[in-house]
Amino acid sequence: MSLNHSPETQTKLIARVPTITGRELPEWFQAIDNGPAFLRCDERANWLADEHGLTHGYAAAIVLEHERHRRTRM
């Protein structure tokens, strides 16, 4: 599974996350922060998809967005 969406695709996926999943991004970020301590983004995306029933596309988009936000917080 690739975590590399085009910027357009990433933007569209992230915009639809609340509608598709019923949860806002901060809730997903908290789930990732409280989840297992994976080192790789693809492992986090696989866990998120498996644990929460997301498609891998949405899981990957959420993980990528989480990484972007995490970098800006540091």
Side-chain angles (χ1 to χ4, degrees):
M1 174 190 63
S2 174
L3 294 182
N4 298 318
H5 297 121
S6 71
E8 289 176 31
T9 300
Q10 177 69 14
T11 300
K12 289 177 183 178
L13 286 170
I14 290 302
R16 289 189 297 239
V17 163
T19 303
I20 297 297
T21 68
R23 295 171 73 176
E24 298 291 330
L25 280 177
E27 294 176 75
W28 287 116
F29 294 169
Q30 185 175 19
I32 292 169
D33 290 339
N34 293 334
F38 295 114
L39 295 177
R40 295 176 25 187
C41 289
D42 63 333
E43 292 173 324
R44 278 189 221 113
N46 286 333
W47 170 79
L48 201 61
D50 294 343
E51 186 71 18
H52 295 280
L54 299 174
T55 66
H56 285 281
Y58 280 103
I62 292 167
V63 168
L64 181 58
E65 199 67 19
H66 177 263
E67 283 299 304
R68 288 180 180 162
H69 282 261
R70 188 181 64 80
R71 281 188 230 127
T72 62
R73 291 184 290 196
M74 295 179 127

Inset, instruction - Determine the minimum heavy-atom distance between Ala45 and Ala59, stating which atoms define it. - result: O-CB, 3.4 Å

Legend entry - Heavy-atom pair with the smallest gap, counting every atom of Gln10 and Ala61: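 Smallest heavy-atom distance, with atoms named: NE2-O, 2.9 Å.
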
Legend entry - Residues which pass side chain to side chain donor-acceptor pair (under 3.5 Å) with Thr9, listed by chain and number, not counting sequence neighbours: Ser6

Legend entry - Inter-residue atom distance Glu67.CD - Ile62.CD1, 0.5 Å rounding: 13.5 Å

Inset, instruction - Mind checking the CG-CD1 spacing from Leu64 to Ile14? Nearest 0.5 Å is all I need. - result: 7.5 Å

Quiz: residues 27-39 side-chain donor-acceptor pairs under 3.5 angstrom, not counting sequence neighbours:
unit_1, atom_1, unit_2, atom_2, d
Glu27, OE2, Glu24, N, 3.0
Trp28, NE1, Thr21, OG1, 3.0
Asp33, OD1, His66, NE2, 2.8
Asn34, ND2, Gln30, O, 3.3

Legend entry - Min side-chain heavy-atom separation Val17-Arg23 under 4.5 Å: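 In short, these two side chains do not touch, never coming nearer than 4.5 Å.
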
